[in-house]
Amino acid sequence: MDALLIVMTTFPDEASAEAATDGMLAGRLAACVQQLAPVRSSYRWQGRRETSIEVPLMIKTTAARYGALEQFIKEHHPYDVPEIVAWPASAALPAYVRWVEGETRGELHV
């Protein structure tokens, strides 16, 4: 089995988050994208403290598809430096992992 990854990113609004979700799913870069409730993010950017409301996405993909997913997010994100953080799932239902693998390879499941 390929390693299951959970990838986190944020977008500045629901429209851009939804457009990115559509592209990730259509491109088989992710099996599932969960749009979470808006969050208030505070950070330093270009020497100043910033605060913004963002829409987090939690993306389920495989290690094999991570590079393409990261590239997609960078190309379709309005930020100069988007948050793209991934971590491996240390445990997961094997059937779920097989589903993620199949969805990101484009296999049909009946």
Side-chain angles (χ1 to χ4, degrees):
M1 277 195 269
D2 194 4
L4 174 65
L5 295 183
I6 310 300
V7 181
M8 184 78 169
T9 190
T10 56
F11 279 82
D13 54 56
E14 286 190 27
S16 61
E18 186 64 28
T21 296
D22 288 346
M24 289 180 227
L25 293 174
R28 301 285 189 173
L29 301 173
C32 176
V33 180
Q34 293 173 309
Q35 181 177 316
L36 305 176
V39 298
R40 177 184 303 270
S41 296
S42 298
Y43 50 92
R44 292 189 55 78
W45 179 249
Q46 298 179 340
R48 293 191 343 228
R49 184 183 188 280
E50 301 282 341
T51 300
S52 59
I53 302 299
E54 298 179 300
V55 177
L57 298 180
M58 187 168 29
I59 306 156
K60 285 28 154 275
T61 192
T62 60
R65 295 299 280 154
Y66 176 77
L69 174 64
E70 180 184 272
Q71 188 62 37
F72 176 88
I73 293 170
K74 289 189 318 190
E75 289 175 0
H76 294 88
H77 206 289
Y79 296 169
D80 292 336
V81 182
E83 172 187 12
I84 307 172
V85 180
W87 60 94
S90 61
L93 181 69
Y96 183 78
V97 176
R98 286 191 299 274
W99 174 76
V100 171
E101 288 174 330
E103 287 301 311
T104 56
R105 282 195 303 257
E107 296 174 3
L108 294 176
H109 296 277
V110 182

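The basis for the numbers below is simple: all heavy atoms, side chains too, and nothing from hydrogens, waters or symmetry mates. In this chain, residues are counted from 1 in sequence order.
- When all heavy atoms of Val55 and Asp13 are compared, the pair lying nearest together is CG2-C, 3.7 Å.
- Listed by first and then second residue, the ring pair (Phe, Tyr, Trp, His ring centres under 6.0 Å) pairs involving residues 34-72 are Phe72-His76 (not counting sequence neighbours).
- Shortest non-hydrogen contact noted between Leu25 and Cys32 is CD2-N, 4.2 Å.
- For Ala63 against Leu5, the heavy-atom pair with the smallest separation is CA-CD1, 3.7 Å.
- The shortest distance between side-chain heavy atoms of Thr9 and His77 falls below 4.5 Å.
- Note on Leu57: it does not cluster hydrophobically with Val85, by side-chain heavy-atom contacts below 4.5 Å among ILVMFWY residues.
- Looking only at side-chain heavy atoms (C-beta outward), Ile84 and Val7 come within less than 4.5 Å of each other.
- Residues Ala92 and Leu4 share a closest heavy-atom pair of CB-CD2, 3.8 Å.
- Of all heavy-atom pairs spanning Ile59 and Ala30, the tightest one is CG2-CB, 3.4 Å.
- The CD atom of Glu14 sits 13.5 Å away from the CD atom of Glu54 when rounded to the nearest 0.5 Å.
- When the side chains of ILVMFWY residues are joined at heavy-atom separations under 4.5 Å, either directly or via intervening members, Val97 and Leu93 end up in a single hydrophobic cluster.
- When side chains are defined from C-beta on, Pro78 counts as touching Phe11, because their heavy atoms get closer than 4.5 Å.
- To the nearest 0.5 Å, the span separating OG1 on Thr61 from CD on Glu101 amounts to 10.5 Å.
- In this structure, the side chains of Arg105 and Arg65 stay at 4.5 Å or more apart for every pair of heavy atoms.
- Side-chain atoms of Arg40 and Ser42 form no donor-acceptor pair, as typed in the model, at a separation below 3.5 Å.
- Looking at Leu36 and Met8, their side chains come closer than 4.5 Å, going by heavy atoms from C-beta outward.
- Every salt bridge (Lys or Arg N to Asp or Glu O under 4.0 Å) that Glu50 has, sequence neighbours left out, goes to Arg48.
- Checking side-chain atoms of Asp2 against main-chain N and O of Thr62 turns up no donor-acceptor pair under 3.5 Å.
- Taken to the nearest 0.5 Å, the OG atom of Ser90 stands 9.5 Å off from the CD1 atom of Ile6.
- For the atom pair OG1 of Thr10 and CD of Glu83, the computed distance is 4.5 Å after rounding to the nearest 0.5 Å.
- For the pair Thr104 and Leu69, the minimum side-chain heavy-atom distance is 4.5 Å or more.
- Counted within 6.0 Å of CD on Gln71, heavy atoms from surrounding residues, nucleotides or ligands total more than 12; the atom is thus considered enclosed.
- Hydrophobic clustering keeps Tyr79 apart from Ile73 (ILVMFWY residues linked when any side-chain heavy atoms are closer than 4.5 Å, directly or through intermediates).
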